[in-house]
Amino acid sequence: MAKRKTKVPRSMVLRLGSNMKNHSLSQLVRDMRNVMQPHTAIRLKERKSNKLRDFVVMAGPLNVSHLMVFSQSDAGTTQLRIARMSRGPTISFKVENYSLCKDVRKILKRPKSITKESKEYLNPPLLVLNGFTNPQTAEPHEKLLITTFQNMFPPIQPHLTKLSSVKRVLMIHKDSETGAIDLRHYTIETKAVEGSKNVKKLISAKKSMTKKLPNLSRASDVSELLTDPYSVGGFTSDSEVEEDSIVDMKSEPVVSKKKEDATADEESSNVKKRAIKLTEIGPRLRLHLTKIEDGVASGKVLYHKDIKKSKKEIAELEKKHQEKQKLKDARKQEQAENIAKKKAKKDAKKERRKAREEERQKRLEAGENVSEDEESDDEESEDEDMDDEEIPEDLDSDLYSDVDDAMSESDDDAADQ
């Protein structure tokens, strides 16, 4: 039986809005694209004239599952919208503050600088959710929030995933008191903890030209580096590894096939203790959930942080939404009928033109003369057919028209807040 292929989530991280002068926000978009690597459009370029519907239309052919849209209102409020393609929902956040990757490197004592082509970005990050309520008992909006975060990254299959391929961690923490959501991005490093400290540092010094070698001029034998490292100027500045960061890792087998009768002792010999170290590489974001909409930045509001409606108001809005949906469905049905009529009319004209051409050809073969009036009539009919072909079919021109209106309304709401 063939294995079922898991659909890999793909994302677009973009920036929209008329205010494109904030270079810091543009850099944040580039940093977030690195976070979402490798299944994201890393070289995507937006224009000031681009609208959300431009990317919504492109999402289908490109198999994009999520859009992450950053925008800034005239009042300076930054927003993040995460939209599930192609029917929503759309989750809107207010970005309280953020730090770029370069800002995170400045505050670290030993920062790690990596490029977008580094091996850390060959695989998606490991998603860690902390502080969220159990989805089985969580409220509907929080359950939807958890599901959205999880679906933005491919699921991990423990029996197939190699530990060596997991190079990054994306931690999303929710503060239970304030409801703020903090996003942190780390890189994972491991190192062996077994064996002599000086031997490990001596090996690492061989691999790196920047590492300092011990001074063995006063030693009579190299073994003194292990027995009495202080007397020969050995390494003494290494910090102790915390016990909580030590894990047992099974090394990869040298051969691809193992004998079926291998004993447990032989397998346990491949298990080594290694220390795990997380180094933050940025960016940092602090988000506040504002609302959840049904559809791509349009449709009815499923949740709003500040606005609470009564059951009567909800029922009236639901009725209004159903009426609007009926009108939209009726318009689509009418447009589909118009398209079918135009197609039938065009096919009929093609058949008539084909029949006239066949009749004219028969008359020419029979030696009859074709008058100029008949030829002009044929040319006029062909011109009419060409005009019909140039006229585009009636498409749902306002299919995404409410998307941009909803975006502008959301920016106005954020400015008012």
Side-chain angles (χ1 to χ4, degrees), residues 7 9-14 16-17 51-60 63-71 73 77 79-95 132-133 135-136 138-152 172 174 179 181 287-333 335 395-414 416-417:
K7 188 175 180 180
R10 301 180 183 276
S11 63
M12 277 186 181
V13 184
L14 49 110
L16 295 178
K51 303 296 182 182
L52 180 61
R53 63 168 173 259
D54 300 334
F55 300 96
V56 172
V57 173
M58 293 172 54
N63 295 324
V64 175
S65 60
H66 292 83
L67 288 182
M68 299 180 66
V69 184
F70 287 89
S71 60
S73 64
T77 303
Q79 284 189 314
L80 168 63
R81 298 176 180 87
I82 301 178
R84 180 74 166 91
M85 296 288 104
S86 59
R87 298 182 178 180
T90 301
I91 304 177
S92 300
F93 300 93
K94 177 183 177 183
V95 182
F132 291 88
T133 311
Q136 298 180 354
E139 296 184 7
H141 70 276
E142 186 168 354
K143 184 177 181 180
L144 181 60
L145 187 62
I146 296 172
T147 305
T148 301
F149 284 141
Q150 291 176 340
N151 291 339
M152 292 176 67
I172 302 178
K174 180 183 178 183
I181 298 176
L287 310 173
H288 286 278
L289 176 64
T290 56
K291 66 177 178 178
I292 301 176
E293 300 170 270
D294 185 17
V296 181
S298 62
K300 61 181 179 181
V301 178
L302 304 178
Y303 168 82
H304 200 288
K305 175 189 174 185
D306 301 322
I307 301 176
K308 306 296 182 182
K309 296 185 178 295
S310 62
K311 294 182 178 180
K312 183 179 179 180
E313 291 175 331
I314 294 176
E316 291 177 354
L317 290 175
E318 184 67 24
K319 183 179 179 180
K320 183 179 179 181
H321 176 73
Q322 291 178 358
E323 293 176 354
K324 183 179 179 181
Q325 188 65 33
K326 288 181 180 179
L327 291 174
K328 190 173 183 179
D329 294 340
R331 185 172 66 251
K332 287 184 178 180
Q333 181 65 25
Q335 290 175 348
L395 300 178
D396 193 357
S397 59
D398 61 344
L399 180 60
Y400 297 104
S401 60
D402 52 352
V403 171
D404 298 316
D405 295 338
M407 292 281 290
S408 59
E409 291 177 359
S410 300
D411 291 335
D412 295 338
D413 294 340
D416 295 338
Q417 294 177 2

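Computed from heavy atoms alone, side chains included, the values below leave out hydrogens, waters and symmetry copies.
For the pair M58 and M12, the tightest heavy-atom approach, listed with the atom from each and the gap, is CE-CE, 4.4 Å. Of all the heavy atoms in G88 and V296, the pair that sits closest is N-CG2, 4.0 Å. Nearest heavy-atom pair across I82 and F149 is CD1-CE2, 4.1 Å. Scanning both residues, E293 and S92, for their nearest heavy atoms gives OE1-OG, 3.9 Å. In terms of heavy-atom proximity, S65 sits nearest to P9 at OG-CA, 3.4 Å.
The structure places CZ of R10 at 14.5 Å from CG of L67, a figure rounded to the nearest 0.5 Å. Once rounded to the nearest 0.5 Å, the distance linking NZ of K320 with NZ of K324 reads 8.0 Å. Between L289 atom CG and H304 atom NE2 the span is 10.0 Å, to the nearest 0.5 Å.
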Requested in this report: Before giving the answer on side chain to side chain contact (heavy atoms under 4.5 Å, CB included), spell out for V69 and L80 the whole-Å C-alpha distance, their side-chain angles and the decisive distance to 0.1 Å.
Outcome: CA-CA 6 Å; V69 184; L80 168 63; 5.9 Å; no

Report task. Determine, step by step, whether K94 and K305 satisfy the side chain to side chain contact (heavy atoms under 4.5 Å, CB included) criterion, reporting the C-alpha distance in whole Å, the side-chain angles of both residues, the deciding distance to 0.1 Å, and the verdict. Result -> CA-CA 11 Å; K94 177 183 177 183; K305 175 189 174 185; over 6 Å; no

Query raised in the report: Can you check side chain to side chain contact (heavy atoms under 4.5 Å, CB included) on R81 and S71, steps first, answer last?
Result: CA-CA 8 Å; R81 298 176 180 87; S71 60; 2.9 Å; yes

Requested in this report: Please test K51 against D54 for side chain to side chain contact (heavy atoms under 4.5 Å, CB included), starting from the C-alpha separation and ending with a verdict.
Outcome: CA-CA 6 Å; K51 303 296 182 182; D54 300 334; 4.0 Å; yes

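Checking side-chain atoms of T90 against main-chain N and O of A297 turns up a donor-acceptor pair under 3.5 Å.
Listed by chain and residue number, nothing satisfies the ring-ring contact (aromatic ring centres under 6.0 Å, His included) test with H288 (two or more places apart in sequence, or in another chain).
Between Y303 and the options L145, I292, T290, I91, a side chain to side chain contact (heavy atoms under 4.5 Å, CB included) holds for only I292.
In this structure, a donor-acceptor pair under 3.5 Å is absent between the side chains of R84 and T148.
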